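All remarks here apply to the structure that follows.
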Protein chains: 2
Amino acid sequence: MTTCIKVKQPNIKYVDCDNCSMQPICVPLRAGKTEVSIMDSYLSRRNTVNNSTPLFREKESADAIYAVCAGSFKLTEISSENNEKVIGFRFPGELIGEDAIHTQHYNYNAVAVGTTSVCKIDLKELNECGKLLPELQLNLISLLSKQNSMLREEFTSVVAKHTAESLLAAFILNMLKRNAQYQESETKLHLPVGRDVIANHLGFRRETLSRIFSKFQQKGLLTIHAKDMEILDLEGLKNIAYD
Amino acid sequence: MTTCIKVKQPNIKYVDCDNCSMQPICVPLRAGKTEVSIMDSYLSRRNTVNNSTPLFREKESADAIYAVCAGSFKLTEISSENNEKVIGFRFPGELIGEDAIHTQHYNYNAVAVGTTSVCKIDLKELNECGKLLPELQLNLISLLSKQNSMLREEFTSVVAKHTAESLLAAFILNMLKRNAQYQESETKLHLPVGRDVIANHLGFRRETLSRIFSKFQQKGLLTIHAKDMEILDLEGLKNIAYD
DNA sequence: CGTAAAGCTTGATTTAAATCAACAAATAAA
DNA sequence: TTTATTTGTTGATTTAAATCAAGCTTTACG
């Protein structure tokens with residue numbers, strides 16, 4: 001089984017091809033090519049995106065969808081007053097830009113957080129191969145459905161939480177779940193971004209976030225040093241999240 | 001062009017097949033059948049769901065996806081304390097349950113608000129026909145991508161709004177956009193549900209919702225009588241939403 | 001290395017929303 | 001129709017988060 005190059009850096013998460021969401025598309029796509037061109041097209045599909053660099057920008061015409069191989073991305077929108085609004089994160093194994101299949105253009109900015117690596121699937125190529133390989137289509141359908149369910153879960157986890165505490169608890173649980181497969185430990189979580197970015201995403205202030213982290217530590221729910229978190233009481237967090 | 005039966009009731013919204021999201025799937029699926037069986041399978045696909053009745057329930061095994069033809073649905077989850085949490089709404093022309101293609105079971109409850117009508121697409125049938133009709137698959141892919149982008153928009157419109165005012169304004173704009181095609185007027189909006197359900201969905205109290213509606217009326221942004229809203233100042237609402 | 005800049009935490013005060021409470025309006029039931 | 005019940009509005013008080021402000025820590029840089 002072909003494996004994506006593993007980016008071995010401290011706190012850079014990665015997935016190999018076996019654990020990548022894109023695999024059910026990637027493999028039949030490659031199988032439809034000759035030995036030589038496989039490697040060619042396969043390798044050309046892999047890209048490094050440097051810290052703070054956009055993979056694509058809002059409104060850009062969309063010619064490809066991406067799967068994250070290593071590192072994290074933040075998805076942002078820029079408001080009319082030029083404020084950046086963080087609408088989500090994407091981690092290794094997850095798709096980015098899949099909603100552009102329909103809209104033909106990207107609907108948000110996808111910005112690398114740290115050094116990242118992505119697999120690129122050309123939409124034109126996908127479309128052509130799809131006509132010959134019904135299984136490829138089925139896999140893509142399943143993948144989109146999965147992404148859908150991921151989005152809905154994310155939505156549910158943050159919407160209609162009355163308190164900042166339950167919102168943060170739900171956010172942590174969502175991160176834990178999505179990062180489970182490539183965390184060293186089930187209880188450890190490395191935050192890909194700083195307090196400001198998380199606070200922005202969750203819709204409250206850096207100060208509030210800081211206070212809640214302190215409170216959670218006092219309660220013995222977790223410990224946090226800089227961006228490294230350790231969950232001490234998962235049930236306690238769940239109780240707060242699903243108040 | 002075949003047309004879904006129009007449910008003509010006051011304040012019941014509907015789409016005919018021409019404007020239905022499901023059409024790109026529905027039509028090729030029907031085209032793969034004989035004349036006689038077309039009507040048969042077509043009609044059998046349409047179902048009426050009565051007020052407060054679940055179309056499906058969380059965790060049920062999923063054998064079909066649905067498109068709303070007429071009326072509205074609320075999507076809910078039941079918390080451990082047996083509280084109903086409204087995680088979203090679905091209106092005519094929109095899909096329900098599409099995320100179950102991947103999970104094989106439904107991930108939330110879909111409950112009819114008033115008398116509703118849905119088109120049912122059997123997943124097994126879809127799967128079989130799909131192997132013969134690549135175009136069907138492509139259409140489904142596009143549809144799922146569209147639903148994805150709808151979910152993301154909904155997410156963005158409600159997440160990380162610091163004030164209840166901007167959250168409600170964003171919610172109204174989201175409703176307006178999604179209901180645009182079958183509203184008599186661009187400025188009129190009929191709320192499918194009561195204050196409690198909207199407040200539940202947005203994560204604040206009935207009283208707060210009521211106060212904000214009053215404030216919006218005082219500001220001359222809109223008028224509201226029971227569930228009938230008229231937008232007077234769209235730009236004003238946008239300013240509040242995208243603070 | 002020391003200094004600057006950025007990021008994080010904690011405290012005091014203000015502001016927005018929850019809560020408690022009363023009442024009005026609309027709907028359903030008798 | 002009258003009465004009961006649900007649903008919606010408004011007011012007074014309490015509570016949670018924003019804001020303003022200061023100090024601390026870490027990282028970046030000359």
Side-chain angles (χ1 to χ4, degrees), chain A residues 9-11 50-52 74 83-86 113-115 158-172 190-219 221-229 240-241 243, chain B residues 10-11 50-52 74 83-86 113-115 158-172 190-219 222-229 240-241 243:
Chain A
Q9 282 183 256
N11 285 322
N50 289 319
N51 189 22
S52 303
K74 62 174 182 182
N83 296 322
E84 183 182 72
K85 173 64 208 303
V86 179
V113 176
T115 306
V158 300
V159 95
K161 300 289 179 197
H162 0 285
T163 66
E165 275 186 46
S166 64
L167 184 43
L168 179 59
F171 174 77
I172 293 170
H190 180 80
L191 299 175
V193 293
R195 304 285 189 274
D196 274 326
V197 175
I198 295 172
N200 176 322
H201 177 54
L202 296 178
F204 42 74
R205 295 287 158 196
R206 193 196 323 147
E207 296 95 319
T208 304
L209 186 66
S210 199
R211 277 184 246 273
I212 300 172
F213 272 137
S214 299
K215 200 169 179 181
F216 282 2
Q217 286 194 103
Q218 278 165 31
K219 284 185 176 180
L221 296 169
L222 51 82
T223 59
I224 184 163
H225 301 101
K227 291 174 179 170
D228 289 299
M229 196 185 298
I240 293 172
D243 55 7
Chain B
N11 285 324
N50 290 319
N51 189 23
S52 303
K74 62 173 183 182
N83 297 322
E84 182 181 72
K85 173 64 208 304
V86 178
V113 176
T115 306
V158 300
V159 94
K161 301 289 181 196
H162 357 286
T163 65
E165 275 187 46
S166 64
L167 185 42
L168 179 59
F171 175 76
I172 293 170
H190 179 80
L191 300 175
V193 292
R195 303 286 188 275
D196 273 326
V197 175
I198 295 173
N200 176 322
H201 176 54
L202 296 178
F204 43 74
R205 294 288 158 194
R206 192 195 325 149
E207 297 94 318
T208 304
L209 185 65
S210 199
R211 278 184 245 273
I212 300 172
F213 271 137
S214 299
K215 199 170 179 181
F216 281 2
Q217 286 193 104
Q218 279 164 29
K219 283 185 177 179
L222 52 81
T223 59
I224 184 163
H225 301 100
K227 290 174 178 171
D228 289 298
M229 196 186 297
I240 293 173
D243 56 5

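In this text the structure is predicted, and so the values were computed from the model without any measurement.
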With side-chain contact (heavy atoms from CB on, under 4.5 Å) as the test, would you mind laying out the steps for B:I224 and B:F216 before giving the verdict?
CA-CA 9 Å; B:I224 184 163; B:F216 281 2; over 6 Å; no
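- Straight-line distance from the CZ atom of A:R205 to the P atom of C:dG7: 15 Å, rounded to whole Å.
- The backbone N or O of B:A226 sits less than 3.5 Å from a side-chain atom of B:R195, completing a donor-acceptor pair.
- Taking for each of A:A226 and A:I212 the nucleotide of DNA chain D with the nearest heavy atom, the 5'-most of the two is the partner of A:I212.
- With sequence neighbours left out, the ring-ring contact (aromatic ring centres under 6.0 Å, His included) criterion links A:F213 to no other residue.
- Atom P of nucleotide C:dC23 and atom CZ of B:R206 are separated by 17 Å, given to the nearest angstrom.
- Formation of a donor-acceptor pair under 3.5 Å by the A:S210 side chain with backbone atoms of A:R206 is not found in this model.
- In this model, the phosphate group of C:dT10 is approached by a side-chain N or O of A:S214 to a distance below 4.0 Å at OP1 or OP2.
- The CD1-C1' distance, from A:I224 to C:dT9, rounds to 12 Å in whole Å.
- In this structure, B:K227 places its NZ atom 11 Å from C1' of C:dA26, rounding to the nearest Å.
- Between A:K215 atom NZ and C:dT9 atom P there is a gap of 16 Å when expressed in whole angstrom units.
- With a cutoff of under 4.0 Å to any heavy atom of chain B, the contacted region of DNA chain D is bounded 5' to 3' by D:dG8 to D:dA12.
- B:E207 is linked by a side chain to side chain donor-acceptor pair (under 3.5 Å) to nothing, counting only residues two or more places apart in sequence or in another chain.
- Rounded to a whole Å, the CD atom of A:E207 is 10 Å from the C1' atom of C:dC8.
- Distance CG (A:N51) to C1' (C:dA6): 15 Å, rounded to an integer number of Å.
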